[in-house]
Amino acid sequence: MLWQGFLRYPGMDFQALWAPWQVNPTLDGLLLWWSQLPRVVAGLVVGGCLGLAGALMQLITRNPLVSPDLLGITAGAQLGVILAFLLPASLGLPVIFLGGVTAAMLTFALAGGSRTTPPRLVLAGVAMAQAFYALITLFLTLNQQAAMVVSLWDTGSLSQMGWGALKPAFWLVPPLLLLVILLRRPINMALLGEAQMRTLGLSPRMLKAVVILVGTVLTALAIHLAGPLGFIGLVAPNFVRYGLGVRWPTRLLPLAALWGAVLTLAADVLVTSLKDWLDLPLGTLSAIIGALAVLILLRFTHSRGVVGQPDTMAGEPTGVRLPLWPTVLVFGAGLAWILWNGTLGGPAPISLAALDARENWAWTLVDLRLPRLLVDACGGAMFATSGLILQAVTRNPLASPSVLGVSQMAALAVLAGLVIAPDMLAAWRLPFAWGGAALALFLIIGLNLRHGLEPLRLILTGFALTGLAMGVTSLLIAYYSQNVTLALIWMAGSSYASTWYDVWSLAPWLGIGLFLAGLTVRWMDLLALGDGVADSLGLASTRKRLWLLVLASLMIAASVSVLGPVAFIGLLVPHAVRLLGFHGYRNRLIVTPLMGALLLVVADVLGQRVLAPLDIPLGIMTAAIGAPLFLLLLSRTYLRKG
């Protein structure tokens, strides 16, 4: 605080200290009182709010891996920032808060409420964040000016122009701190478990709702002041818990707030110190440092209890059990029909007579439409199949390609090439994507191999890589503003301008991937029983999980190189196939690629026609379809369990 507030500029003197009471203050005085000191106070408030919010959420959920980022609150608050552009300035903070609360409540509902488990909660938060980021990207692709403003804001900064932005903190923080003090006894009781809390006359649901509400207000205030600073809410409480050995809530909460402020100000000092060599935004630096801290944190957390759990939904009765081959025929017929309609129908239909007469305009439209839909089909099949493989690896029915961070790292590698060299040949996208995917896979395996590639560790490693990729993505978009719309569309996922070259690029990898996946069916069936059972039956579970990760990552990289990181396909389709009654991986491997191809083609056709002539990016349309379907599927499984 002292360095950042008073010693950052050595020219401060006695005159500068009295600037507020002077008629004509000096430049040093103006810098001190209306730039440096507000920046320091903002760092204290932002870091303290994030540290306290993370500690509260970890205590109330009894899960040290929970944070505002993992619960989707940050993404919801960012959506609130977008909506605040359309409203009066006085409504900015309430809208940000409303977005964060909505995300938090939906995440807990989707994860199963009080019955949630750490992997389920993390994955539900990631899925919710994907849905909100899709909405954000849709707005930004429609508004170039807003896209630039939000992209710059997204990089995060403690810079303040006076004390105006801090005024809400002065009247919000004191009552929130008082409320936390009043809740200290119930929060202490939360360590006993929900059954004991009910015995003592305390409602766990009410306490959880109040604490999450307080944590969301604190997070919204921090985002309002500095933008999204990732991982502070996750790292600060765990540093106190594991680094200092403090676990009792009444001591953990104030120390988490203190160390949150320390980490935030330290990151700001580092950004300032590096400015002469590298202009690095605070949000990007916090994301990079936070991602590394999460990876270090995994060394101190134990998830063996999660590893031993079998696939809890693999044998769950659903009330539906469809026959295999009739289902395959229905999906195949549906895919053929949507390809036909998407190619020959729409606002500019093509008649068979025009094709038979070899009309140039008709065949030109076919050459524009059909390759795009075939690319959608190939990409959808590979995304869905890779999601199925990842669910077998993690033994969690909510796993998806984006969970491990492989698709985001692959997309980031291609994005770097696109923003630096917009005319980059399509042939170079696949090597770039493979490079990003290989780097992600190397980090995932290298950091988790000694732990047997445990599912929860894989998920948290993927989350850290995703945060790292998003931080660098914001940096690229901010510094290469001339291509911001292209970058946003690419990161959302799109099949714009796909050609026959893209079809021939994807089709061989689809065939190779499905063939190799067919050879691993027995591995996936045994892994679903748990590592102990699989090893006792002669399956080297760690080695087989490693090969499955490699196969899934290669399929993801091939898809991302053409379509970008399309969300929800790998998450939704394998889950839906299971609910249709296909429990054996041999049957799932037949149905999953067909359903993935069908869903992605349908999403693209709807994206072309819903707001025609506006063409909604594929990833946004997929999220718009996938989010409600995902909610419906979860309501039929987790939410009905009592």
Novice: What's the separation between atom CE in M382 and atom CG in L506, rounded to the nearest 0.5 Å?
Specialist: 4.5 Å
Novice: Quick one: side chains of residues 433-442, donor-acceptor pairs under 3.5 Å with protein atoms, not counting sequence neighbours, listed by atom name and distance.
Specialist:
none

Novice: Quick one, R578 with Q391, criterion side-chain contact (heavy atoms from CB on, under 4.5 Å). Give me CA distance, side-chain angles, the key distance, then yes/no.
Specialist: CA-CA 11 Å; R578 181 184 291 104; Q391 289 180 11; 3.2 Å; yes
Novice: Kindly compute the distance separating CD1 (I338) from CG (L599), expressed to the nearest 0.5 Å.
Specialist: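 I338 CD1 to L599 CG: 11.0 Å, rounded to 0.5 Å.
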Novice: Roughly how far, to the nearest 0.5 Å, is the OG atom of S498 from the CG atom of L618?
Specialist: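 L618 CG to S498 OG: 9.0 Å, rounded to 0.5 Å.
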Novice: With rounding to the nearest 0.5 Å, note down the distance linking CZ in R543 to CG in L548.
Specialist: 13.5 Å
Novice: Which heavy atom of P323 sits nearest a heavy atom of F582, and at what distance?
Specialist: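 Smallest interatomic distance, heavy atoms only, reads O-CZ, 4.0 Å.
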Novice: Quick one: does any side-chain atom of S561 pair with a main-chain N or O of A558 as donor and acceptor, under 3.5 Å?
Specialist: yes
Novice: Do the side chains of L554 and I512 get nearer than 4.5 Å, heavy atoms only?
Specialist: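 Of all side-chain heavy-atom pairs linking L554 with I512, none is under 4.5 Å.
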Novice: Measuring from S386:OG to L549:CG, what's the distance to the nearest 0.5 Å?
Specialist: 11.5 Å
Novice: Between the side chain of R588 and the main-chain N/O of H583, is any donor-acceptor distance below 3.5 Å?
Specialist: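 Indeed, once roles are kept as given, a pair shorter than 3.5 Å links the two residues.
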Novice: Given side-chain contact (heavy atoms from CB on, under 4.5 Å), test V601 with L374 step by step and report yes or no.
Specialist: CA-CA 8 Å; V601 174; L374 292 177; over 6 Å; no
Novice: Show the nearest heavy-atom pair for residues L510 and A381, with the distance to one decimal.
Specialist: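 The pair with the smallest heavy-atom distance is CD1-CB, 3.7 Å.
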Novice: Give me the atom names and distance for the closest heavy-atom approach of A348 to L365.
Specialist: O-CD1, 4.2 Å
Novice: Could you check whether any side-chain heavy atom of L598 comes within less than 4.5 Å of a side-chain heavy atom of V602, counting everything from C-beta outward?
Specialist: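 SC-SC contact between L598 and V602 confirmed.
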Novice: Can you see which heavy atom on L514 is nearest to which on P593, and at what distance?
Specialist: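 So the minimum-distance heavy-atom pair works out to CD2-CG, 3.7 Å.
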Novice: Do M595 and L580 have side-chain heavy atoms sitting under 4.5 Å apart?
Specialist: yes
Novice: Hey, is the main chain of V533 close enough, under 3.5 Å, to the side chain of S536 for a donor-acceptor pair?
Specialist: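 It does hold such a pair.
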Novice: Is there side-chain contact between I444 and V406, with heavy atoms separated by less than 4.5 Å?
Specialist: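 Touching, per the 4.5 Å side-chain cut-off.
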Novice: With the side chain counted from C-beta on, respond yes when L519 and L516 share a heavy-atom pair under 4.5 Å apart, and no when they do not.
Specialist: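 They are in side-chain contact.
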Novice: Does M524 form a side-chain contact (heavy atoms from CB on, under 4.5 Å) with I389? I'd like the steps, not just the answer.
Specialist: CA-CA 8 Å; M524 292 187 280; I389 295 172; 4.2 Å; yes
Novice: For residues T622 and V566, report the shortest heavy-atom separation together with the two atoms involved.
Specialist: OG1-CG1, 3.8 Å
Novice: Please list all pairs passing the side-chain hydrogen bond (donor to acceptor under 3.5 Å, both in side chains) test where one or both residues lie in residues 367-380, with sequence neighbours left out.
Specialist: D367-W500, R372-S495, R372-D604, R372-D615, D376-S495
Novice: Looking at side-chain heavy atoms only, is the closest gap between T520 and W547 below 4.5 Å?
Specialist: no
Novice: Please confirm whether the backbone N or O of L355 pairs with a side-chain atom of W363, one donor and one acceptor, at under 3.5 Å?
Specialist: yes
Novice: Let me see the working for D502 and T499 under side-chain contact (heavy atoms from CB on, under 4.5 Å), right down to the final yes or no.
Specialist: CA-CA 5 Å; D502 297 314; T499 64; 3.6 Å; yes
Novice: Side-chain contact, heavy-atom cut-off 4.5 Å: I350 with W361?
Specialist: yes
Novice: With sequence neighbours excluded, tell me which residues meet side chain to side chain contact (heavy atoms under 4.5 Å, CB included) with W325.
Specialist: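 Residues passing side chain to side chain contact (heavy atoms under 4.5 Å, CB included) with W325: V328, I590.
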Novice: State which residue, out of T592, V573, L388, L563, fulfils the side chain to side chain contact (heavy atoms under 4.5 Å, CB included) condition with F383.
Specialist: L563
Novice: If every non-hydrogen atom of A552 is compared with every non-hydrogen atom of L390, which pair is closest and at what distance?
Specialist: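 Taking A552 first and L390 second, the nearest heavy atoms are CB-CD2, 3.9 Å.
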Novice: Hey, what do you get for CG (L339) to CG (L373), rounding to the nearest 0.5 Å?
Specialist: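 Rounded to the nearest 0.5 Å, the CG-CG separation comes out at 6.0 Å.
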Novice: May I ask you to test the W509-M555 pair for a side-chain heavy-atom distance under 4.5 Å?
Specialist: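 A side-chain contact under 4.5 Å is absent here.
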